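Down below is the structure, laid out as structure tokens.
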Amino acid sequence: AQSVSQHNHHVILSEAASLELGCNYSYGGTVNLFWYVQYPGQHLQLLLKYFSGDPLVKGIKGFEAEFIKSKFSFNLRKPSVQWSDTAEYFCAVNRKAGSYQLTFGKGTKLSVIP
Amino acid sequence: DTAVSQTPKYLVTQMGNDKSIKCEQNLGHDTMYWYKQDSKKFLKIMFSYNNKELIINETVPNRFSPKSPDKAHLNLHINSLELGDSAVYFCASSQVVGRTGNTDTQYFGPGTRLTVL
């Protein structure tokens, strides 16, 4: 079974700082990769996804992520965070071909200080 | 228009009661899911239905019973509620792509916060 690790439990940044959130997965086959964001009191929203092609994917609100197959990683980045980026961020994986199951990491809480 | 909707948004009930949470999606997707998010924000799949057929049934107490009357609805019924059932329950939907069963992005509902007293 696949698993997802998010290394940082809670990240605290000042506005305009750069962000990188780590995500590693364990599964030897081909996968689809996702980052979801959950703003306080709200549901999960898709930030970006990788299915195939260019390993550097751009999402909404200035976020991007890079898939590095050799490292089984899909780290999320943003060059300059804003207070409104304060939220919980979840990395998720599902296997291609026949898997309906989305496996989530435990989430990283991002707090941005104005 | 809300793509994935859940009712109720909040549910407070006593231990031992039976309750249901309803989910509807208007995206035309053929696969729906129930997730449980615990107090530490960890999200775990509970069930998944594809075209009204149960395809994922994780290790969940049999007090939890999903029901899918049609492709657009997936309801969750919980019998004999326990304190540990307190959590936020999220419904989601997606579309299977191609013949290999590859699923596209999952879209989540707003969640139902269940509190068992």
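Naming: A, B, ... by sequence-line order, numbering from 1 per chain. Since the structure is predicted, the reported quantities are computational estimates derived from the model, not experimental observations.
- Taking CG of L43(B) as the reference point, atom CG of L102(A) lies at 9.0 Å (rounded to 0.5 Å).
- Hydrophobic side-chain contacts under 4.5 Å tie V12(B) into a cluster, directly or through other members, with L117(B).
- Here M32(B) sits in one hydrophobic cluster together with L11(B), M15(B), I21(B), W34(B), M46(B), F47(B), Y49(B), L54(B), V60(B), F64(B), L74(B), L76(B), I78(B), L81(B), L83(B), Y89(B), L114(B), V116(B); the rule is ILVMFWY side chains under 4.5 Å apart, joined directly or through other members.
- In this structure, I113(A) belongs to a hydrophobic cluster whose other members, linked by side-chain heavy atoms under 4.5 Å apart, are I12(A).
- In this structure, Y36(A) contributes its side chain and Q106(B) its backbone to a donor-acceptor pair below 3.5 Å.
- Between Q42(A) and F108(B), the closest side-chain pair of non-hydrogen atoms is not below 4.5 Å.
- With a 4.5 Å cut-off on non-hydrogen atoms, K49(A) touches chain B through its side chain but not through its backbone.
- A ring pair (Phe, Tyr, Trp, His ring centres under 6.0 Å) with F104(A) holds for exactly one of F42(B), Y35(B), Y33(B), F90(B); it is Y35(B).
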Exercise. Could you go step by step and tell me if Y107(B) and H43(A) meet the side chain to side chain contact (heavy atoms under 4.5 Å, CB included) rule?
Worked result: CA-CA 10 Å; Y107(B) 293 87; H43(A) 65 286; over 6 Å; no
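- Within a 6.0 Å radius of NE2 in H9(A), other residues, nucleotides and ligands contribute 12 heavy atoms or fewer.
- Residues from residues 53-69 of chain A never place a non-hydrogen atom less than 4.5 Å from a non-hydrogen atom of chain B.
- For a residue to count as touching a neighbouring chain, one of its non-hydrogen atoms must lie under 4.5 Å from one of that chain's; by this rule Q6(B) does not touch chain A.
- Here NZ of K40(B) is found 7.5 Å from NZ of K106(A). Values are rounded to the nearest 0.5 Å.
- Using a 4.5 Å cut-off on side-chain heavy atoms (C-beta onward), N32(A) and T105(B) make no contact.
- In this structure, chain B has a heavy atom under 4.5 Å from the side chain of L46(A), while its backbone stays farther away.
- Only the side chain of Q38(A) comes within contact range of chain B, with heavy atoms under 4.5 Å apart.
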